[in-house]
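Step one of this worksheet: look at the structure below.
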Protein chains: 2
Amino acid sequence: MKKQITISEIANELKLSKTAISFVLNGKGREMGISEQTQKKILQHLEHINYIPNVSARGLRTGKTKTIAMMVEDISDPFFSSIARVVEEIAYTKGYKILFSSTENDSQRARDLIQVFRRRQVDGYIIAPPPCIEPEISELLDDGLAVVLFDRTLPTLKVDNVLVDNFQSSYNGIKHLINNGYENIAMISLISEQIQMVERHRGYQTVMDEVNKQYIIKSVVYHDAVADNISILQNFFIENSHIDAVFFTTNYLAESGLEAIRNLNLRIPDDLGVIVFDDDKLFRLFTPSITAIAQPISEISTQAVKLILMSLTNKGFKTTAQNVLLKTALQIRESSQPRKNTHE
Amino acid sequence: MKKQITISEIANELKLSKTAISFVLNGKGREMGISEQTQKKILQHLEHINYIPNVSARGLRTGKTKTIAMMVEDISDPFFSSIARVVEEIAYTKGYKILFSSTENDSQRARDLIQVFRRRQVDGYIIAPPPCIEPEISELLDDGLAVVLFDRTLPTLKVDNVLVDNFQSSYNGIKHLINNGYENIAMISLISEQIQMVERHRGYQTVMDEVNKQYIIKSVVYHDAVADNISILQNFFIENSHIDAVFFTTNYLAESGLEAIRNLNLRIPDDLGVIVFDDDKLFRLFTPSITAIAQPISEISTQAVKLILMSLTNKGFKTTAQNVLLKTALQIRESSQPRKNTHE
DNA sequence: TCATCTTATTAAACCGTTTTAGGAAACCAA
DNA sequence: TTGGTTTCCTAAAACGGTTTAATAAGATGA
């Protein structure tokens, strides 16, 4: 095990003080009146020996770890992993590293994770919050930690967040189905009080109200066995044979739903139009391709990192919570093509 | 900003020494001869005030950070993100956190990342190595750090790894196509010297040799623009119209390939059988569903964590590098159905 | 009773940085 | 020559744990 080179050793070698090395190392040479000559000497030596500072020591002294925790529902979900990818990349350029973790949308898990992150003294948190986590988030804020929520928010808290317009997106999606001649549109969703889901529901309901149609809603429990969901949805489709289109409120549900549809040998879009909230790289390659409401992954990530870095640097200048609201893009594909039989 | 409670404060409150608190905190109470009574008192107090130790301080003294770096090609790739999910979960139960990052299979990026991780004094590394990274990995090993490679390995290094049998998997997949009557099987792959790719190629070539068929190979550059790849592959299919099946050596290529096939209006499997290395949750929902060679995500993850934890705890007992070789599962679906026209 | 051995506890050093408070040398003005 | 500025640099104290070496008190044995 090779011993790490320390600042003291460098100081000895160069016949200078630790202080001088540290100043130069942190770019405070000029400010602290270290001569150009000495600075150059130190920098060259640091470069030459490929000095690697000890972050634990630095963290201990400064209280900062240059680490951001990112808590999402499921890091293996393509929506979240894509965001993670971009967030990691941007944060890296600013000297931050990201600790990712999956909450499974379970508040107890999330609480445990926050506890772990606190031990590790992460500087900031980017969170897609599960329900009932307000007290813990609130505590983070009280303790002056940087927090940014995304994908969903906690309306009772004053906290930065970056969201998409779930209501409008959902509204536009359903409207698109209506415009294409679909009449009996079902919504498959999760049993959830979370704001993003509520808004998506509201988008659906608003359109249905506008066109004077009955809601046809099936909600399932999050993270029940996939097989269970498939059969539940199959039964739902069988019992509601008048449905001519279906709106899945998340990509996770679409997976089960598309399988149910396939098992029943229903043809898309002739028997059933389909639209999904959240796009997937492969949806455009389906036969027929699947219409989806695509969230702006890259922009969500960029904004989240931007906000967290602002909080991190502007410590204390916290005036008011920032709310970033982004637009989605309706990717119109074959699964929602204009309905033929009703027009013939 | 709430002040963190420190061991010294606890010691004062309880009229004990920091030492005693520390011993009990680390479960060394018995060993160090702290009386049952005192231990209980300390533990209760720790629980009561919800003490959160400062990891920087601990890390500084012990040199351990309880952190593992995980470097993959692309954390947004479902294969890697699924593994990440499981790894994170298992490591968490052992008190470790994972720092994820994407190398883009670029060795310079990987080098930079390793540098960053070294600063952070991560205890171990789980890596899907890009090419030409041997020197850096070697250095990690020399410095006594725990390293586990997965998905691919560096044959010149003595290092733990967990791999799948790329040759056999690929062989079985192609054999399956042959058995189903396909004759002119193309392989779409990446220009790569990496062992996992070489093995997959070898599997293809071996079968083709056995049945006395010409290789039909198209290799593209990693991470060229997707649109470019699509048109390259379209041209390839047009120029080689005798091809009746295609083997994509990674899911990443399948994405472009399936789009090319779709653009050309080729029917799967009638015009073209398809098989992909790496499964995707959605492949089974395609119409027709896509045959894939599925890697055992969960087992890969479990084994990788197991190996890294062994290295981490058995410090110095390093006798010899462990090689774990896992089997894949050929998920036979509609895209490789027995060929009709040749049998009629 | 004195030396010895446990048992229960702790003082102090240490890990490698950052930062505060100050100090030496050189220069300048009067 | 004295006192005041600059300019350049440093000693030493933190940060909050872990660990080593030591010690006080009580028990044991001869």
Side-chain angles (χ1 to χ4, degrees), chain A residues 1-43 45-46 49-67 95 118-121 123, chain B residues 1-43 45-46 49-67 95 118-121 123:
Chain A
M1 176 87 80
K2 207 160 57 180
K3 213 188 141 299
Q4 289 255 335
I5 297 171
T6 71
I7 279 195
S8 300
E9 287 165 24
I10 296 173
N12 285 338
E13 280 185 58
L14 295 182
K15 310 275 180 220
L16 283 165
S17 69
K18 297 196 299 183
T19 316
I21 315 292
S22 176
F23 283 157
V24 173
L25 194 59
N26 294 296
K28 298 185 183 171
R30 159 68 34 76
E31 187 187 338
M32 290 298 166
I34 307 292
S35 68
E36 283 303 327
Q37 202 189 7
T38 310
Q39 287 196 50
K40 197 164 289 172
K41 188 165 81 175
I42 293 175
L43 284 173
H45 190 70
L46 288 176
I49 61 166
N50 189 23
Y51 167 70
I52 298 179
N54 180 317
V55 271
S56 291
R58 183 176 279 175
L60 174 57
R61 179 63 234 232
T62 63
K64 301 273 155 280
T65 54
K66 287 275 193 175
T67 306
R118 300 213 65 168
R119 282 174 188 255
R120 295 190 167 255
Q121 289 158 208
D123 300 334
Chain B
M1 176 86 82
K2 208 160 56 180
K3 212 187 143 296
Q4 290 256 336
I5 296 172
T6 72
I7 276 197
S8 301
E9 287 165 23
I10 296 173
N12 285 337
E13 281 185 56
L14 295 182
K15 309 277 180 216
L16 285 165
S17 69
K18 297 198 302 181
T19 316
I21 315 292
S22 175
F23 283 159
V24 174
L25 196 58
N26 294 297
K28 297 185 183 170
R30 159 69 35 75
E31 187 185 339
M32 290 299 166
I34 306 293
S35 68
E36 283 303 328
Q37 202 189 4
T38 308
Q39 286 196 50
K40 197 165 290 173
K41 187 164 83 177
I42 294 175
L43 285 173
H45 191 70
L46 289 176
I49 61 166
N50 190 21
Y51 168 70
I52 299 179
N54 181 317
V55 271
S56 292
R58 181 178 280 175
L60 174 57
R61 179 64 233 237
T62 63
K64 300 274 157 278
T65 55
K66 287 277 194 172
T67 305
R118 300 213 65 167
R119 281 173 187 255
R120 294 189 167 256
Q121 290 158 204
D123 301 333

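Order of the sequence lines fixes the chain letters, A, B, ..., with proteins taken first and strands second; residue numbering starts at 1 for each chain. None of the values given here were measured: they were computed from a predicted structure.
- Each of A:I52, A:T67, A:N54 was compared with B:R120 under the side chain to side chain contact (heavy atoms under 4.5 Å, CB included) criterion, and only A:T67 meets it.
- The shortest distance between the side-chain N/O atoms of A:K28 and the OP1/OP2 oxygens of C:dT19 is below 4.0 Å.
- Considering only heavy atoms from C-beta on, B:L43 stays 4.5 Å or farther from B:L25 through its side chain.
- Annotation: side-chain hydrogen bond (donor to acceptor under 3.5 Å, both in side chains) contacts of A:E36 (sequence neighbours excluded): A:R30.
- For the OP1/OP2 pair of C:dT17 and a distance below 4.0 Å, the side-chain nitrogens and oxygens of A:Y51 include at least one atom meeting the criterion.
- Across every non-hydrogen atom of B:Y51 and B:I5, the tightest pair is CE1-O, 3.5 Å.
- Whole-Å rounding puts the A:I42 CD1 to D:dC8 P distance at 13 Å.
- Here the closest non-hydrogen pair linking A:Q39 and A:G29 is NE2-C, 3.3 Å.
- Distances from the side chain of A:F23 to the nucleotides C:dT20, C:dT10, C:dT17 place C:dT20 closest.
- In this structure, NZ of A:K64 is placed 14 Å from P of D:dC15, rounded to the nearest angstrom.
- Here the P atom of nucleotide C:dT10 and the NZ atom of B:K15 are 12 Å apart, to the nearest Å.
- For the pair B:Q37 and B:I42, the minimum side-chain heavy-atom distance is 4.5 Å or more.
- Within a heavy-atom distance below 4.0 Å of DNA chain D, the residues of residues 30-41 of chain A found are A:M32, A:G33, A:I34, A:S35, A:T38.
- The closest side-chain heavy-atom distance from B:H45 to B:V24 is not below 4.5 Å.
- At whole-Å resolution of the value, CG in B:L25 and C1' in D:dT19 are 14 Å apart.
- B:T19 contributes a side-chain N or O that forms a donor-acceptor pair with the base of D:dT19 under 3.5 Å.
- Residues A:D123 and A:T65 come closest through the heavy atom pair OD1-N, 3.0 Å.
- Between the P atom of D:dG16 and the CG atom of B:L46 lies a distance of 16 Å, rounded to the nearest Å.
- What separates CD1 of A:I10 from P of C:dT18 is a distance of 11 Å, to the nearest Å.
- One interatomic measurement links the two molecules: CG of B:N12 to C1' of D:dG17, which rounds to 15 Å at whole-angstrom precision.
- Between the CD1 atom of B:I10 and the OG atom of B:S22 there is a distance of 10.5 Å, given to the nearest 0.5 Å.
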Check the interface with nucleotides 13-15 of chain C: list each N/O to N/O pair with the protein under 3.5 Å, or write none.
residue : atom : partner : partner atom : Å
C:dC14  : O2   : B:R61   : NH1          : 3.0

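- With rounding to whole Å, B:R58 atom CZ is found 14 Å from D:dT19 atom C1'.
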